[in-house]
Amino acid sequence: MIKSKLLSTTITLQLPPNTPKTRLAEQTCLTLLQSYCNTFPKLTQIHAFILKNGLQNNPLVLTKFASSSSNINAIHYASSFLFPSHQTTPPSSYDAFLFNTVIRAYAQTQTHDSKSKALEFYRTMLRYGVSPNKFTFPFVLKACAGVASLRLGKLVHGSVVKFAFEDDLHVVNTMIHMYCCCEGEEGVQFAEKVFDESSKSDLVTWSAMIGGFVRLGRSARAVGLFREMQVMGVFPDEITMVSVLSACADLGALELGKWLESYIERKNIPKSVELCNALIDMFAKCGDVDKATKLFGQMESRTIVSWTSVIAGFAMHGRGLEAVSLFDEMVENGITPDDVAFIGVLSACSHSGLVDKGRTYFKSMERNFNIVPKIEHYGCMVDLFCRGGFVKEAFEFVQKMPFEPNQIIWRTVITACHATGELKLGESISKELIKNEPMHESNYVLLSNIYAKLRQWEKKTKVREIMDMRGMKKVPGSTMIEVNNEMHEFVAGDKSHDQYKEIYEMVDEMGREIKRAGYVPTTSQVLLDIDDEDKEDALYRHSEKLAIAFALLNTPPGTSIRLVKNLRVCEDCHSATKFISQVYNREIVVRDRNRFHHFKNGLCSCRDFW
DNA sequence: ATAGGGTTAG
């Protein structure tokens, strides 16, 4: 406080009236700021220039200085001169423009704390009695979105109403975005309320709402909104399409994705790099990684995201060698991989059993690229060892790594224990996990699976009882399939479908046919203490088999079948699907919680470890 | 001077 008081007195003494000399310095400085932006040495030079010419408290110069840079120190420096903490009334020259600039500068920064600063300056602005103008709220709301607090969002919303900017489209659109960024289900509800009640809307309004749903994982709703938008005669642009494609990727709806691509062509929607990346990601996640690769090849300019999307795409499909060679090609092309690219290539190695390659890449991160591995990278390595069959090594790796292992990592290890028969180790880790996080239902499921494999039915039943007692339910497995541009969703034992009778008949027929080809039901996975015949029935009711039966009934012979599951494929469905692909001569592409399985001629691309 | 967008371990 004292220090800044002294500082400001000194400056007041230094500041002469508008002599030609200071005017010249001011002009020079503004020109400098106009031409150089945001590079560190230049910023330091300009800073020195400001000090040398006594421009420290020239609002014009400081405003420009703060706004020309995303460098947080420049912004702090400028704002501390513009708004010394002891100052209670602002100089008369301080107007909304000046406040807006500082608020914008802080709103554009990356960290949560400095975004809060933007809101602090908005409060200062009000305290000083300076009225916000139509530019103020988009900046303030942007900061609010970064802070992601619903409470603050509502406060600013109140302010928007108070200053009568609720009809301004820029404000409405940013407000929707802001509410969508607030954590929790409640935020979207407010966003929808603004969306529904706004007197005006344009394509940005729709895009903000669609993008909000996508970010919250409500992809089906996002696609629904896109259809509504078209009914309303509002034309999407490339930004809207990026969000819709991302929703489509999430749903795994290939037909819709292809339609979106042709729509983009038909309507001449400009193919920005982001749009191409979204297309690549969509095709990869909808099961057509070849198409993704083709699009990648046709791009005129690519970013690291383009490369990473294809690499991650190959990884998901178990095409590790292609992922690895694309990664190497990227590096040869002079593109420096980032941490996300490494996640892609490491997971490619793990899904394809390239243990040594994976080790080499992991070591090269720090050594060659100066990237400190994050917990995700360690997670990839654990998975790499587990899938490679080295569960013990994975366990040791977990204990040595410089992070506290998280749930994801432990679950990777337990799953591997289950798959490789290290059941005692799996049991003890699961128990430990349940002790630490008693309300995470998937930990119980893992333990219960292990007891089932050990055929310890009493213990398994007890785990179930504890789950019931604590009010937890297993997430029901579901399988989705797109037929004639419509998504059909099945859950185990589902009888809600119009064709359910035919579907169940088909399931029985499938069972008979594949048994003749050598299929043996894997009843040990069924988590019920019942006799084997009933267990077999339970297996036949799995959502995946229902969806395949539905597909065999409703798609032409010889065409491929694409399924999207919310969980991992169970052992029995995996085995059955291999036989079905052979007996019915169908390629069956299944998207799992984690990866793709391409079933063809009785074999699966995952090489039976998933 | 203002708004909406792409890749991320299991």
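Between the side-chain ring of A/Tyr378 and the base of B/dA9, no stacking contact exists by the 5.5 Å and 30° definition.
Residue contacts for A/Val273: at a heavy-atom cut-off of 4.0 Å it reaches a base atom on one of the strands shown. Contact annotation for A/Arg302: no contact, since no heavy-atom pair falls under 4.0 Å across all strands. Using a 4.0 Å heavy-atom cutoff across all strands shown, A/Thr240 reaches at least one base atom of the nucleic acid. Among the protein residues, A/Thr303 comes within range of the nucleic acid bases, having at least one heavy atom under 4.0 Å from a base atom. A/Lys64 comes within 4.0 angstrom of no nucleic acid atom, judged by non-hydrogen atoms across all strands. Among the heavy atoms of the strands lying under 4.0 Å from A/Ile375 is at least one base atom, whether or not backbone atoms are also near. In this structure, A/Phe137 reaches neither bases nor backbone, as no heavy-atom distance under 4.0 Å exists between it and the strands shown. Note on A/Glu238: a base of the nucleic acid sits closer than 4.0 angstrom, heavy atoms only. Within 4.0 Å (heavy atoms only), A/Asp202 reaches at least one base atom of the nucleic acid. Within the nucleic acid shown, A/Asn406 comes within 4.0 Å of at least one base atom, counting heavy atoms only. Across all strands, A/Leu141 comes closer than 4.0 Å to no nucleic acid atom at all (heavy-atom distances). Residue-level contact check: A/Ser67 touches neither bases nor backbone, having no heavy atom under 4.0 Å from any strand. Among the heavy atoms of the strands, none lies under 4.0 Å from A/Ile311.
Ion pairing of A/Arg359 with A/Glu393 is present here, as a side-chain N (NZ or NE/NH1/NH2) and a carboxylate O approach within less than 4.0 Å.
Between A/Met209 atom CE and B/dA3 atom P the separation is 19 Å, expressed in whole Å. To the nearest angstrom, C1' of B/dG5 lies 6 Å from CD1 of A/Ile239. Rounded to a whole Å, the CZ atom of A/Phe596 is 16 Å from the C1' atom of B/dG10. With rounding to whole Å, A/Met175 atom CE is found 19 Å from B/dT2 atom P. With rounding to whole Å, A/Arg593 atom CZ is found 14 Å from B/dT8 atom C1'. Nucleotide B/dT2 holds its C1' atom 5 Å from the CZ atom of A/Phe139, rounded to whole Å. Nucleotide B/dG10 holds its P atom 9 Å from the CD1 atom of A/Ile408, rounded to whole Å. The nearest whole Å value for the distance from the NE2 atom in A/His440 to the P atom in B/dG10 is 16 Å.
Between A/Cys573 and the options A/Arg568, A/Glu544, A/His597, a side chain to side chain contact (heavy atoms under 4.5 Å, CB included) holds for only A/Glu544. Just one of A/Glu300, A/Gln298, A/Glu265 meets the side-chain hydrogen bond (donor to acceptor under 3.5 Å, both in side chains) condition when paired with A/Lys271; it is A/Glu265. Under the side-chain hydrogen bond (donor to acceptor under 3.5 Å, both in side chains) rule, A/Tyr179 has a single partner from A/His157, A/Gln189, A/Lys193, which is A/His157.
Nearest to the side-chain atoms of A/Asp383 among the listed nucleotides B/dG10, B/dG4, B/dA1 stands B/dG10. For A/Ser350, the side-chain atoms get nearest to B/dG10 when compared with the rest of B/dG10, B/dT8, B/dA1. Across B/dG10, B/dA9, B/dT7, the shortest atom-to-atom separation from the side chain of A/His351 is found for B/dG10. Looking at the side chain of A/Lys285, the nearest of the listed nucleotides B/dT8, B/dA1, B/dG10 is B/dT8. The A/Arg104 side chain lies nearest to B/dA1 when the options are B/dA1, B/dG5, B/dT8. For A/His170, counting side-chain heavy atoms from C-beta on, the closest listed nucleotide (B/dT2, B/dT8, B/dG4) is B/dT2. With distances taken from any side-chain atom of A/Ser309 to the nucleotides B/dT7, B/dG5, B/dG4, the minimum falls on B/dT7. The A/Val305 side chain lies nearest to B/dT7 when the options are B/dA3, B/dG10, B/dT7.
For B/dA1, its base sits under 3.5 Å from the side chain of A/Asn100 at one donor and acceptor pair at least. Not a single donor-acceptor pair, N or O on each side, falls under 3.5 Å between the base of B/dG10 and the side chain of A/Thr412. Residue side chain A/Asp339 does not reach the base of B/dA9 through any donor-acceptor N/O pair under 3.5 Å, judged by distance alone. With hydrogens and angles ignored, a donor-acceptor pair closer than 3.5 Å exists between the side chain of A/Ser272 and the base of B/dG5.
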**OP:** Mind running side-chain hydrogen bond (donor to acceptor under 3.5 Å, both in side chains) on A/Asn443 and A/Gln407 for me, showing each step along the way?
**Re:** CA-CA 9 Å; A/Asn443 297 333; A/Gln407 297 273 314; 3.2 Å; yes
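When the side-chain nitrogen and oxygen atoms of A/Lys271 are compared with OP1 and OP2 of B/dG5, none of them lie within a distance under 4.0 Å. Contact annotation: A/Arg595 does not reach the phosphate of B/dA9 (side-chain N/O to OP1 or OP2, under 4.0 Å). OP1 or OP2 of B/dA3 has not a single side-chain nitrogen or oxygen of A/His177 nearer than 4.0 Å.
Judged as a salt bridge (charged side-chain N to carboxylate O under 4.0 Å, His left out), the pairs with a partner in residues 219-246 of chain A (not counting sequence neighbours) are, in order, A/Glu192-A/Arg221.
Using modelled atom types and a 3.5 Å distance limit, the side chains of A/Thr205 and A/Asp202 yield a donor-acceptor pair.
With rounding to the nearest 0.5 Å, the separation of OG1 in A/Thr479 from NZ in A/Lys565 is 3.5 Å.
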